[in-house]
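Written below as structure tokens is the structure these notes are about.
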Amino acid sequence: MKKLNFLLKVTLVFLFACVISFNLVVDRAMATGNFSQTCADIELNGSSLSADCRKINGGYENTTINLDYYIGNLDGTLSWGDHLFSRTCKEIYLGQLLSNREYVINAKCEKRDGYTYEATEINLDDHIANIDGVLEYE
């Protein structure tokens with residue numbers, strides 16, 4: 001009987017640990033992009049995106065992320081994975097798509113020739129996420 005109780009306790013502890021681990025993995029995995037769904041007062045100042053983002057506990061946190069670390073200018077087109085877009089782009093402003101209310105950056109970015117500018121936009125919800133009240137690149 002003691003052995004059965006011990007085995008039952010070990011099994012319950014193991015199942016509890018699995019459930020907790022699964023929740024942490026799923027919570028992080030589900031965080032990809034879509035910050036606009038859980039953030040308010042979203043603003044762009046130069047290359048800095050700021051917002052009040054909902055935390056897991058229901059409160060809000062004011063947070064800022066410098067997009068120059070994650071977005072670049074690839075021959076007149078804003079692109080993820082590069083950096084310092086604000087150095088070669090002008091008329092940078094925050095917009096919102098009518099179809100799904102996701103946020104985009106609109107800008108005119110310098111092409112390789114050094115004097116021609118191309119109108120371009122990039123969807124911030126593709127890679128910017130709210131991770132417990134903090135804006136992060138994913």
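Side chains of Ser79 and Asp82: no donor on one and acceptor on the other come within 3.5 Å.
Of all the heavy atoms in Asp125 and Phe35, the pair that sits closest is OD1-N, 2.9 Å. Contact between Tyr60 and Asp52 at its shortest, heavy atoms only, is CD2-O, 3.6 Å. Considering all non-hydrogen atoms of both residues, Gly76 and Glu118 come closest at O-CB, 3.4 Å. Considering every non-hydrogen atom in both Gly46 and Ile92, the closest pair reads O-CG2, 4.1 Å.
For the side chain to side chain contact (heavy atoms under 4.5 Å, CB included) with Tyr103, the lone residue among Leu49, Ile122, Leu94, Asn123 that qualifies is Leu94.
Residue Leu74 is not grouped with residue Ile105 when hydrophobic side chains (ILVMFWY) are merged at heavy-atom distances under 4.5 angstrom, including chains of intermediate members.
A distance of 11.0 Å separates CG of Asn130 from CD1 of Ile65, quoted to the nearest 0.5 Å. Atoms NZ and OG1, on Lys111 and Thr77 in that order, are 6.5 Å from each other to the nearest 0.5 Å. Taken to the nearest 0.5 Å, the OG atom of Ser47 stands 8.5 Å off from the CG atom of Leu84. Here the CD1 atom belonging to Ile128 is positioned 6.5 Å from the CD1 atom belonging to Ile71, to the nearest 0.5 angstrom. One finds the CG atom of Asn73 at 9.5 Å from the CZ atom of Arg112 (value rounded to the nearest 0.5 Å). Put simply, CG on Asn106 and CD on Glu91 are 10.5 Å apart, with the number rounded to the nearest 0.5 Å.
Atom CG of Asn45 is surrounded by 12 or fewer heavy atoms from other residues, nucleotides or ligands within 6.0 Å.
A donor-acceptor contact shorter than 3.5 Å is absent between the side chain of Thr88 and the backbone of Glu110. When atom types are taken as modelled, the side chain of Asn34 and the backbone of Gln37 share no donor-acceptor pair closer than 3.5 angstrom.
The hydrophobic cluster containing Leu97 also includes Val104, under a criterion of side-chain heavy atoms closer than 4.5 Å among ILVMFWY residues, counted directly or through chains of members.
Side-chain contact between Glu138 and Ile131: present, with at least one pair of heavy atoms (C-beta onward) separated by less than 4.5 Å. Residues Asp68 and His83 fail the side-chain proximity criterion, which asks for heavy atoms closer than 4.5 Å. Put simply, the side chain of Leu67 reaches to within 4.5 Å of the side chain of Leu44, judged on heavy atoms. Put simply, the side chain of Lys90 reaches to within 4.5 Å of the side chain of Tyr117, judged on heavy atoms. At least one side-chain heavy atom of Cys53 sits under 4.5 Å from a side-chain heavy atom of Leu135.
The disulfide bond (SG atoms under 2.5 Å apart) contacts involving residues 93-138 comprise Cys89-Cys109, where partners must be two or more places apart or lie in separate chains.
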